[in-house]
**Student:** 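Okay, here's the structure, questions in a sec.
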Amino acid sequence: MRFPTSQPSSNRSATSRREKIAILGGGMASLSAAFALTDTPALRERYELTVYQDGWLLGGKGASVRNREAHGRIEEHGLHVWLGYYENAFTLLRRCYEELGRPPGAAMRTLRDAFVKHSAIVVGEQTSRGWEHWSVDFPQTDEWPGDGRPLPTPVESLRGATLQVLRYAMDWWKEWRGGLPDADGVAGQLQGLLKHVLTLRAPLLAGRAARALAEGVGSVLDRLRALARRDLEASADLRRLWVVLEFSAVCLIGLLREGVYGPSGDFEPLDELEFSEWLRKYGASDMTVSSGLVRAFYHLAFCDGGGAGAGLALLGMIRMFTCYRGAIFYKMRAGMGETVIAPLYEVLRRRGVRFEFFHRVERLELSGDQRRVDRVVIGRQATPRSGEYHPLIEIDGLPCWPEQPLYEQLVEGEALARHGARFASFWSDWTPVEQRTLRLGEDFHHVVLGISLGALPFVASELIAASPRWQRMIEHVKTVRTVSMQLWVTTPIGQLASNAGAPVTTAYQVPLETWADMSHLVPVEGWRERDGVRGILYACGQLGRGDEPVAVNDPRASDRAALEDIARGFLEENLTHIWPGGADSHGRLRWEALFDPEGRTGPERLRAQYLRVNAEPSDRYVLSLPGSQKHRIAPDESGFEGLILAGDWTRTGYDLGCIEAATMSGLMAARALGAPVSIVGEVPRKRAGPRVALPRYIDRPGEMSLRSPYVLEEVSMNALVLGARRDALGALLDRYLNIPARGHVRYVPAAPFVVLAAAFAGRAFSGDPEHRRLGYMPETDVAFWVPAWAMRPGKGRLIPDRLVWFLPHIFVSTGAAAAAGREIYGFPKSVVEVEVRRSSEHALDYLSLVGEVLARNTPETCGTRARILEVTRSNASPGPLRSVGDMIGDLVRPFDSSGEWASSLARSFTADGVTIAFLKQFRDVHHTDRACYQAIIEAKAAVRTVRGYGPIPGAFQVRWDDYASHPFTADLGLEPGGQKALAATWVDFDFVMESGREIFRADERGPLAAIG
Ligand SMILES: Cc1cc2nc3c(=O)[nH]c(=O)nc-3n(C[C@H](O)[C@H](O)[C@H](O)COP(=O)(O)OP(=O)(O)OC[C@H]3O[C@@H](n4cnc5c(N)ncnc54)[C@H](O)[C@@H]3O)c2cc1C
């Protein structure tokens, strides 16, 4: 029998059109988002990406250029080193280099060619004797970051940290007391604690045990302090060891007292207090708080003056010191532009990402109801002659960014060249050649806002005005100007510096407090032997404080003059402390040690060096002031439909201004759009709990929405397996689970088949003691079951966590089943008339479902009752039936050869029961295109008794019509109109549909719950 023909509901050409994503700004966060959003063929088919970038350079705060007029020297936005715990950034870049596939012999082929390990750090200390240097060589190993390995667990890191503290204490004791006997019993006490920590197990770290450990460490510290107080000033070595010991012990004590156990613990509540205050609260002395060790953090995070939240400072320091792999720092073997940004650009271009250079975003405009970004207004600064601007130049075989636009490629090149590269400044008077307006639905479907925080008051003022959350973010999360200086010197640094080993020096004189010997770049830049360049030094620091307003008038000219003054003063007064070889016999700086091809004298030689002030609004460094973290907005929480955020200013849980945070934010932005990403060290967001006590549900007679759990007894089920297309199943899971979950959960099709299950329950009733008394009903459920893996982050990728079933179409025989199913779990149930014929106890011969349908969607279409689905069984040979074993093989094959998944699957069908995933939602009463509640739910159907099961002989044919209201073919990737079952099974059993749990819930403030 065939049903009357009707039009398939889905419009193939419409569904195959790619969704457009406009990425605004091309910094590290945007590029990371673009990388993750194009990382699979399916994503590339789904999305079309365009990056809109002001001017000619990508990279933002991490940009660098090669100055062709100065021997191709590297000019950075600011000194950049990568830290050894940047697992996400290194993983992304390693994969980028692998995809780049540079040929053997090419410059910088792999990640390991691009970076060099660095372990020597010098911290400046201002003592009564003047500047002193505290050199530390951090242990190095052969490891490299970048394979996505998780960070140590909280317990591992706490144990590691405690052992480290106690070892410091032992070292300190030895240094101080030498071989003297342990008359005070302190060494014995230390040894006792060491033994205790070595036997610690996770549960012992909770509550009283944690407090006891904190007290033990505190009492040793107090005793040592009392014994040693007088001797600390006498020896710098002893004092420094003491500072390390006291700092580590105080952090440990504070973290134990506050119940935060390590790099993945919840540091956020600690953030209300300023870092130094927090250290004092847990017993740190002035000596430690003002030490180079603590000041180093303030200077690396440009937060001298305004301070830093204790939680983030601790998280940053713990990751820096205890989570690094290989080396604490990694220096790049060229500029950040050619080492990081250009490779990302090249790979993204190959993947089809479009880059619109010379596109300055002027403002984002909202829809009338202020719910979404409707338009993006852009000033186009120039016109590429060939339609596309090619931004890179090659220097010694390496694609690099030039110091100014490649004017010859631009129609307005000559005029721009006369205007100078400053045309790309926020304060430029260059008039855009065109104003472009990107419109929602035409030019973009989603916006990724990667422009940095400092510029948001200018480009996103409508959003700020419309949203109190945005206002709070702008008010509390601050930015600061930075300065940067690069010096080319004519004497090898080894002969100038007091410290060998090309150190990174920090906590020195503000505002040029951080220095790095970058002489390894001399051969990379185009210097000839006769030029006499023997070394390169980089310095950077903050200018002003984070609480200053972003200047509305161009501050660069005055900033530049100020910087020259600062640089001159600094070099004359301070540099000879770290650079004694640069001083003349009177201890004054020998200016001729600076390279100057024009042979100028004295401070004039600064002209040949590279000095810059980063005052552009978007270039301002994002601070982590105390109490500010909670005001940041997460990439997937913008509060405006279709708007995703990316940048080191967003809420990632790791809210420090650095490349790793920018990468994490970009990955989170991509995840919000459905990209499968794995983020190492992500701090889980708090699970949404009810914000108010839940009101009691008012039961109404006849409503039939009974309380869960539901018990279904005397169930006889026929399950037919139908081959299905994985891509269609993937799209289905994306639509109903992954996209609403904004990436917080990810489900992927587990196999290329679905199961059509018809279950006939003799008795269905509530398992709740009160509602059990109300009665029972017989119930029939017929549904398509889609097997899916719920994924979780594993080593550098997502791995299957648990098998779940998703039921996109489910038909029931009673209103009670429909009401409770929809209201409680989110089953998309509808009530149908069911006709069944059977000639044997276990197998049906005929099944038909008749219900309400809309054959097609036109205003004239009248809903009718029609047959939705029909199943017939014949005695014909079933054809090549597939064994259940084969099908289980399909489920597990992609993931596992060990059989681990097979056994988890077997368990899930028997002892554990099966888990069902749902999209539960209710329409808002006023904004009916909106959900007033939307969540991803999982609930278990737990099998109680199995009375028997077995294969069903004969051949099953399933038929349907693709009504617009029931588009089975398109939804499930089936054959149009019907198909034969690959296998059929009966099973008689009882089961309980247990109460569900929210895996993720979106509320008006955005999603609060993360993976459970
Ligand atoms: C001096 C200095 C030194 C640093 N050193 C280190 C370090 O050693 N290690 C480390 O890990 N981190 C360091 N950082 C921090 C690091 O550079 C940043 O955290 C990171 O680059 C931020 O990336 P982002 O994508 O979030 O923002 P950004 O890099 O600011 O990117 C924003 C992008 O938007 C573009 N844009 C801005 N306005 C517009 C507009 N109107 N229209 C179109 N495009 C626009 C910008 O040009 C840029 O491409 C340093 C920062 C500074 C300032």
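Each ligand, and each atom within it, is numbered from 1 in the order the structure gives.
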**Student:** Check whether the side chains of Ser624 and Asp655 place a donor and an acceptor atom closer than 3.5 Å, and report yes or no.
**Tutor:**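 No - no donor-acceptor pair under 3.5 Å links their side chains.
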
**Student:** Look at atom 42 (N) of ligand 1 and say which protein heavy atom is nearest, naming residue and atom and giving the distance to 0.1 Å.
**Tutor:** Val361 N, 2.8 Å

**Student:** Report the nearest protein non-hydrogen atom to atom 17 (O) of ligand 1: residue, atom name, distance rounded to 0.1 Å.
**Tutor:**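 Heavy-atom neighbour on the protein nearest atom 17 (O) of ligand 1: His80 NE2, 2.7 Å.
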
**Student:** Non-hydrogen atoms of Val81 versus ligand 1: any pair closer than 4.0 Å?
**Tutor:** yes

**Student:** Would Tyr330 and Phe90 count as a close aromatic pair, with their ring centres under 6.0 Å?
**Tutor:**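 So the answer is yes for these two rings.
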
**Student:** At a 4.0 Å cut-off, with the gap strictly under it, does some heavy atom of Gly657 reach an atom of ligand 1?
**Tutor:** yes

**Student:** With no hydrogens and no angle check, do the side chains of Ser425 and Glu616 hold a donor and an acceptor under 3.5 Å apart?
**Tutor:** yes

**Student:** Could you tell me whether Tyr345 and Trp401 have their ring centroids closer than 6.0 angstrom?
**Tutor:** yes

**Student:** Contact between ligand 1 and Tyr86 is defined here as a heavy atom of the residue under 4.0 Å from a ligand atom; is it met?
**Tutor:**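 Heavy atoms of Tyr86 do come under 4.0 Å of ligand 1.
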
**Student:** Do ligand 1 and Gly647 have nitrogen or oxygen atoms that lie under 3.5 Å from each other?
**Tutor:**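 Looking only at distances, the answer is no, because the N/O contact criterion of under 3.5 Å is not met.
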
**Student:** Could you pull out, from Ala33, Gly26, Gly27, Ser452, the option with a heavy atom nearest to atom 31 (O) of ligand 1?
**Tutor:** Gly27

**Student:** Which protein non-hydrogen atom lies closest to atom 30 (O) of ligand 1, naming both residue and atom, and how far is it?
**Tutor:**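 The protein heavy atom lying closest is Lys61 NZ, 2.9 Å.
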
**Student:** Starting from atom 53 (C) of ligand 1, find the nearest protein heavy-atom neighbour and note its residue, name and distance.
**Tutor:**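 Answer for atom 53 (C) of ligand 1: Thr482 OG1, 3.7 Å.
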
**Student:** Quick check: Ile451 and ligand 1, any N/O pair under 3.5 Å apart?
**Tutor:** no

**Student:** With a cut-off of under 6.0 Å to the ring centre and 45° to the axis, is Arg380 in cation-pi contact with Tyr52?
**Tutor:** no

**Student:** Centroid separation under 6.0 Å, is that true for the rings of Tyr324 and Phe329?
**Tutor:** no

